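Note that the structure is a prediction, hence the values are computed from the model and not measured. Residue numbers start from 1 in every chain, and the chains themselves are labelled A, B, ... in the order their sequence lines are given, proteins ahead of strands.
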There are 2 protein chains.
Amino acid sequence: MVNISDVARAAGVSKATVSYVLSNDPRITQQTAEKVRKAVRELGYTVNHAARALSANETKTFGIVSPASHSNYLSALFGLHVYLMGECAARCGYDTLFIGSDGADAMRKAWTSKKVDGFILMDVCDDDPRMHLAVDMNIPTVVFGSPKDSFGLDVVDSDFNKEANRIIEFLDEEQHREITLILWSKQIFKRQLGFALRFYDDIMAAARRKSIDVHVISPDDDDADPAQIIEQALNAYSKATAMVIYNEPATIVAPQTFAKIGVKVPEDLRVMTVFPKQLTLSMKIPFASVQTDIRQLAQTAIQLLMSRVANRDAPMANVLFDFPLVVEQ
Amino acid sequence: MVNISDVARAAGVSKATVSYVLSNDPRITQQTAEKVRKAVRELGYTVNHAARALSANETKTFGIVSPASHSNYLSALFGLHVYLMGECAARCGYDTLFIGSDGADAMRKAWTSKKVDGFILMDVCDDDPRMHLAVDMNIPTVVFGSPKDSFGLDVVDSDFNKEANRIIEFLDEEQHREITLILWSKQIFKRQLGFALRFYDDIMAAARRKSIDVHVISPDDDDADPAQIIEQALNAYSKATAMVIYNEPATIVAPQTFAKIGVKVPEDLRVMTVFPKQLTLSMKIPFASVQTDIRQLAQTAIQLLMSRVANRDAPMANVLFDFPLVVEQ
DNA sequence: CTGAAAGCGCTTACAG
DNA sequence: CTGAAAGCGCTTACAG
């Protein structure tokens, strides 16, 4: 494989000059630069990544750290996130290293072996060990999720508070006084996942303010059949005139469940949910929904991380997106 | 950050010895090895990845190359694949580099910069430029999908031929003489994606053998509303007694579509599909389906790639999985 | 059984 | 404006 010496020889300059041209150093004259670029082109030269990383002490790659474990369903969405972040990162000249299991351990290893310049933590929970690791070792890190405290790390997520208020206000205007709320599983709550906790707190507070009665349902288990849970909720709280679903598997199966039982939405029951815009389309979720834009979230995460790498002492960023409530007619 | 010299000093040996211990070289005595390991532990040493890669000329990372472009829906599944492969690779001591857009170009760059030891190509199409690149540059590569010709590259996929036959035989036994077949979009076919082409050919051949009439429908567009397509198919071919859906978005929305129209499955219409087992559960796909195990596919891909890296001259592997047909009662 | 030394392919002060 | 040289942190024949 052709290396920098080959290029230097072909261009009749030193290795240093080649290196300077490659990094667009302004001290090099146009002429010299052009000679070098020609040689690069003709020889098909590409910088050796390991050598550059070793020498320059930066890898131009970001690590995406998955949470310790999660159910099958969560993984599907998670995958989409990873994919989108990979795309955004690529556009910014960064590669993306996927850090699968073991959360904090794998993350520490990737960092101490200098395999990445920084991390994006997926689905952070309160007091997440990965956050503590990042803080302790002063690692550029952006957090996905809404932990109670991010300990100074940059955060990006959707704004649960606004989402919850918007949902409740909409229901209040439609005069619903009794609703049922289908949440993530108890397992998720036990793991203190920020998105589950925050949304729950916010929506309950908002409902209280409007004096709306809320029947709360949280499946015992991640793998519980979401269709059954919806049916049970319908039976148990038959006087509720609206249902808020904040649970992705349940949202996905809800349309077929209602259709099967013969519940007409929204005539018989107003249904509201929070769901990624990108999937709303292909999965035909026909509810009034707050439509999360996961591409925008991904892009922001990458940008925040790039800024953080460039300046470790910049003030902490906390970007919460206020996604729109879309009401299907 | 602590490096190999620090460890050598602390253990009272040379750098070489530390390196040998780390690679479990049998020439080092137990005693020395233990001393070194102790120092490693106490100092919290981790090998610098770039240095090792530069010196040993291997990166212990695999690149996962996404196809040039694909629709939103495809991406969701794609993400799951990436995720699962990352997990499998991690278990085998490999990291996973996600190579987003630009297909062959990004792949060439990752290779010439020596960022990875090999590639897994997602969703390969006939004559895929990424395959040619891999062959031309003799890059260890495993191909996901069923191209007409893999040019000697290792292949892993499900066995479309067997799937198609199994589906048709099942329909034949149930005495269906006229069926409708909903396929991937014309865009997908135009891009010559192996899975779409192979399945289509195989199922038509099998149907011909059993003298079953097939009405074929392929949406013009990836983003066409799959629910409408199903409804149209139902209207256009009302005498068909079975429907085979080989199109993931359509499969996902099919249950709610049938429920809405009042078509009872399987009483009014036998519906068959091919769908990842892992998503069948969470998405409540209630059809007779060939259940692809994407975790197994991912694992096999990683294993094949590891073998290929270890021995470039080994005979080509072509692993096709025969996944079971599961009939929901 | 262990160590001194060369080399992997870059970047970057520093000197001129 | 350009080049000689040190150095990044490892691995690996080779010598002893």
Assess the residue pair V309(B) and F62(B) against the criterion (side chain to side chain contact (heavy atoms under 4.5 Å, CB included)); give the C-alpha distance rounded to whole Å, side-chain angles, the decisive distance to 0.1 Å, and a yes or no. CA-CA 10 Å; V309(B) 167; F62(B) 288 144; 3.9 Å; yes
Run the salt-bridge test on D25(B) and R27(B) with the 4.0 Å N-O cut-off and return the result as yes or no. yes
Passes side chain to side chain contact (heavy atoms under 4.5 Å, CB included), D154(A) versus V156(A)? Steps please. CA-CA 7 Å; D154(A) 299 323; V156(A) 55; over 6 Å; no
Worked verdict on V7(A) versus V2(A) for side chain to side chain contact (heavy atoms under 4.5 Å, CB included): CA-CA 8 Å; V7(A) 176; V2(A) 22; 4.3 Å; yes
Residue pair L121(B) / V142(B), side-chain heavy-atom distance below 4.5 Å: no
Are side-chain heavy atoms of S19(B) and I4(B) found at a separation under 4.5 Å? yes
E58(A)/K114(A) ion pair, N-O < 4.0 Å: no
When the nearest nucleotide of DNA chain D is assigned to T17(B) and to A51(B) on a heavy-atom basis, which residue is associated with the more 5' position? A51(B)
Heavy atom of residues 25-46 of chain A under 4.0 Å from DNA chain C: which residues? Y45(A), T46(A)
The dot-bracket string of DNA chain D, counting Watson-Crick and G-U wobble pairs with both distances under 3.5 Å, using [ ] for crossing pairs and | for pairs to another strand, is |||.||||||||.|||
Starting from the 5' end of DNA chain C, give me the residue, V13(B) or S23(A), whose nearest nucleotide shows up first. V13(B)
Got a salt bridge between K115(B) and D95(A), using NZ or NE/NH1/NH2 to carboxylate O under 4.0 Å? yes
Using atom types as modelled and distance alone, determine if a side-chain donor or acceptor of D128(B) lies under 3.5 Å from a backbone N or O of C125(B). yes
By nearest heavy atom, map N48(A) and Y20(A) onto DNA chain C; which one lands nearer the 5' end? N48(A)
With a strict under 4.0 Å distance from non-hydrogen atoms of chain A, what nucleotide opens and what nucleotide closes the contacted stretch of DNA chain C, reading 5' to 3'? dG9(C) to dA13(C)
Should R41(A) and E34(A) count as an ion pair when the cut-off is N to O under 4.0 Å? yes
